[in-house]
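What follows is a set of notes on a single structure, which appears directly below.
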Amino acid sequence: MARHLITSAIPYINGIKHLGNLVGSQLPADLFARYQRARGHEVLFLCATDEHGTPAELAAAKAGKPVADYCAEMHAVQAEIARGFRLSFDHFGRSSSPQNHALTQHFAGRLAEAGLIREVVEKQVYSVKDGRFLPDRYIEGTCPNCGYDKARGDQCENCTKQLDPTDLIDARSAISGATELEVRDTKHLYLRQSALKDQLDTWIDSKTDWPVLTTSIAKKWLHDGEGLRDRGITRDLDWGIPVRKGDADWPGMEDKVFYVWFDAPIEYIACAGEWAEANGLSEEDWQRWWRMDKGADDVRYTQFMGKDNVPFHTLSFPATLIGSGEPWKMVDHLKSFNYLNYDGGQFSTSQGRGIFMDQALEILPADYWRWWLLSHAPESSDSEFTWENFQSAVNKDLADVLGNFISRITKFCSSKFGEVVPGGAGYGEPETAAISEIETRLKRYEAQMEAMEVRKSAQELRAIWVCGNEYLQTVAPWTTFKTDPEAAAAQTRLGLNMAHLFAVLSAPFLPDASQKILASLNVDKPIWPDDPTTFLDRLGPGHTFAVPEVLFAKISDEDREAWQERFSGQRTG
RNA sequence: GGCGUUAUAGCUCAGUUGGUUAGAGCGAACGACUCAUAAUCGUUAGGUCGGUGGUUCAAGUCCACCUAACGCCA
């Protein structure tokens, strides 16, 4: 039994994510986690919310709530939606957890001891009235370029020009409106990533099985221009993890917090600690997943993320781990995704364009979205969501091919033999042929799932469903029944066993539908069909079942048009 | 303006290290079946692989230039 540590990129706290975000990390990670569990492996699947930083503070201010309260509420909302999509996290943590505070401070301390932190004095805008330094985007004023009077210190939203806070005319604090601003010296910490460049380079080179997309991004950051640059890891904010050197104070850094990019990936580890705590487990129980010296040497660690996150996972986070000098588990496999486009443009959180996770669940059950998104995952390049494509794929694949198969075989059996698996003859030549075909495809399905080839896995799974319809069409038990009921009984028996097989194989993609089929077939402990020949004989004569409700309703043209209309503009509420 | 990505049948996409008649699903046409959610199964049609030139015995697959779309940065 292998051990799989699986993490999905952690979604930012300020609002509900769209389907592009979902398919870019959480959903394929869930597919992989469910598959590995189904194969009987030990899995720890972790995700969390990324809660620190300026956008969280701004969103909280906009909502008129203390930032801690806002984050707690949004975490609950995101957790609920994740459950709605059947994302099977072993724990859905928070980067603001006590565990992450402690661990982030611990790493900073280790890095400082190793001489990998340097202090830099910078000039930054200070608001006397607010009594604090202001991040660039907390400063408003008139744009020197276009005259827009609500330009921010980092960029003018009106003319999109990049700005420095000192460029603004009549600059004021976005918090209080105070105009008494001055530029003061402030001290920040930088992680000396450049000192780790060679070690990172060697480490990347050892990952010969990584996709080119991934290694080329990493290599580009390592070698372009001056090479890997040091990065600031602190900020002048209230909301975040206080800068400390392990357990000790960090002189001169009293009012600072760590920058969100530094503490967010550390949450992958801290989340395991949260998981242990939530389940009444010990330190050792989570450390055996993360510490090479405490049992993690046989763990296979896979990360899922969108392509924009690759540099953080291939360089910044590994720099933290390597720099600590401690034996932390490093990522083995890194699966990155491109972007999903929406009807000719991009999904956009800031512009409210596209379909958001909560809205998706309002109109259709999770399985519909899971199937379409996974079978069209943007793996090799960006891919495109259109309502027409969604409608036809869902109707054809789910309703016609899988749903109808379950329906026709259970109803046929029910009408001729009752709701019980019939006995009759043994399997003959057509049965052997069908089973052999399924076996071939099953091996391919398993290989694609192991390789995390999401689209190809979906394709192969669908082909397996088709085998069922093909078999029924070939042997035609409804005709056989008229002349040879014994043979028809055997054909029906295999059909029902195929339904069982399909349910088990489909579970990673379609957890709800799979569960419904298994329930109607009276199977409570599904096992993986390592040997299809014996598996397709598991439901023996006399085993009872019940005809299930229709598994997948079709999407009508009217529905599609209504949704197309509803989601054509910006999200309003 | 710089960098990068993409450009394959009507649509959404596969095409490993260059090698026989370029593939899948949907859609279309025709046929079979009637157990089933007017579902299913089979057959067929459809592409000078964005354009031009080059390397090679051989290029969708490598190189150069061009065009278009998109993305990142400035």
Side-chain angles (χ1 to χ4, degrees), chain A residues 20 155 160-163 208-209 211-213 216-217 219-221 223-225 306-308 310-311 336-348 371-417 430 434 437 441 444 447-448 451 453-463 465-482 488-489 491-492 495-496 498-499 513 547-556:
Chain A
Q155 183 179 33
T160 74
K161 187 174 172 60
Q162 307 274 320
L163 301 170
T208 51
D209 57 342
V212 189
L213 177 70
S216 66
I217 292 174
K219 284 286 179 181
K220 191 184 164 201
W221 281 57
H223 299 297
D224 265 19
K307 62 182 171 187
D308 53 326
V310 170
S336 64
F337 290 83
N338 290 285
Y339 295 138
L340 179 68
N341 290 323
Y342 179 72
D343 259 339
Q346 287 186 307
F347 274 89
S348 166
W371 176 252
W372 190 89
L373 290 168
L374 290 168
S375 61
H376 293 77
E379 293 182 290
S380 56
S381 64
D382 293 357
S383 67
E384 171 94 3
F385 176 93
T386 67
W387 284 99
E388 288 80 3
N389 187 303
F390 177 68
Q391 178 194 23
S392 77
V394 162
N395 287 353
K396 192 73 190 172
D397 299 346
L398 297 185
D400 294 348
V401 176
L402 176 61
N404 182 53
F405 174 80
I406 302 300
S407 191
R408 69 195 293 206
I409 188 60
T410 52
K411 285 186 180 173
F412 176 77
C413 183
S414 172
S415 73
K416 303 300 183 200
F417 304 101
E437 167 80 8
R441 292 195 176 279
R444 283 211 286 257
Q448 302 289 18
E453 290 284 352
V454 178
R455 302 174 82 125
K456 288 178 181 171
S457 299
Q459 224 171 61
E460 208 54 61
L461 176 60
R462 194 196 120 104
W465 299 338
V466 167
C467 289
N469 284 313
E470 208 176 304
Y471 169 73
L472 287 188
Q473 210 63 35
T474 307
V475 299
W478 46 90
T479 305
T480 318
F481 186 76
K482 295 170 189 164
Q491 293 164 353
T492 305
L496 289 168
M498 284 178 168
V547 174
E549 297 291 306
V550 166
L551 283 175
F552 302 101
K554 291 200 189 191
I555 297 171
S556 69

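Please read all numbers here as calculations on a predicted model, not as lab measurements. Here is how names work: the chains are called A, B, and so on, in the same order as the sequence lines, proteins then strands, and each is numbered from 1.
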Practice item. For A:Thr474 and for A:Arg408, locate the closest nucleotide of RNA chain B by heavy-atom distance; then report the residue assigned to the nucleotide nearer the 5' terminus. Key: A:Arg408
May I ask which nucleotide in the shown strands pairs with [N], Watson-Crick or G-U wobble, both distances under 3.5 Å?
N	result
B:U56	none
B:C3	B:G71
B:G46	none
B:G27	none

Check your understanding: Would you call A:Trp478 stacked on B:C35, i.e. ring centres under 5.5 Å apart with the planes less than 30° off parallel?
Key -> yes
Categorize [X] for me: base, sugar-phosphate, or nothing, with a 4.0 angstrom heavy-atom threshold over every strand shown.
X	value
A:Ser383	sugar-phosphate
A:Lys456	sugar-phosphate
A:Leu551	base
A:Phe552	base
A:Glu470	sugar-phosphate

Practice item. Please report the C-alpha distance between A:Trp372 and A:Asn389 in whole Å, then the side-chain angles of each, then the deciding distance to 0.1 Å, and finally whether the side-chain hydrogen bond (donor to acceptor under 3.5 Å, both in side chains) criterion is met. Key: CA-CA 9 Å; A:Trp372 190 89; A:Asn389 187 303; 2.9 Å; yes
Exercise for review: Write down the distance separating the P atoms in B:U16 and B:C63, rounded off to the nearest Å.
Suggested key: 14 Å
Check your understanding: Closest to the A:Gln473 side chain: B:C41, B:A39, B:C26?
Key -> B:C41
Practice item. Kindly point out which of B:U34, B:G27, B:C13 is positioned nearest to the side chain of A:Lys396? Key: B:G27
Review point. Has the side chain of A:Asn404 got a donor or acceptor atom sitting under 3.5 Å from an opposite partner on the base of B:A39?
Key: no
Point to revise | A:Lys456 and A:Glu460 ion-paired at < 4.0 Å | key: no
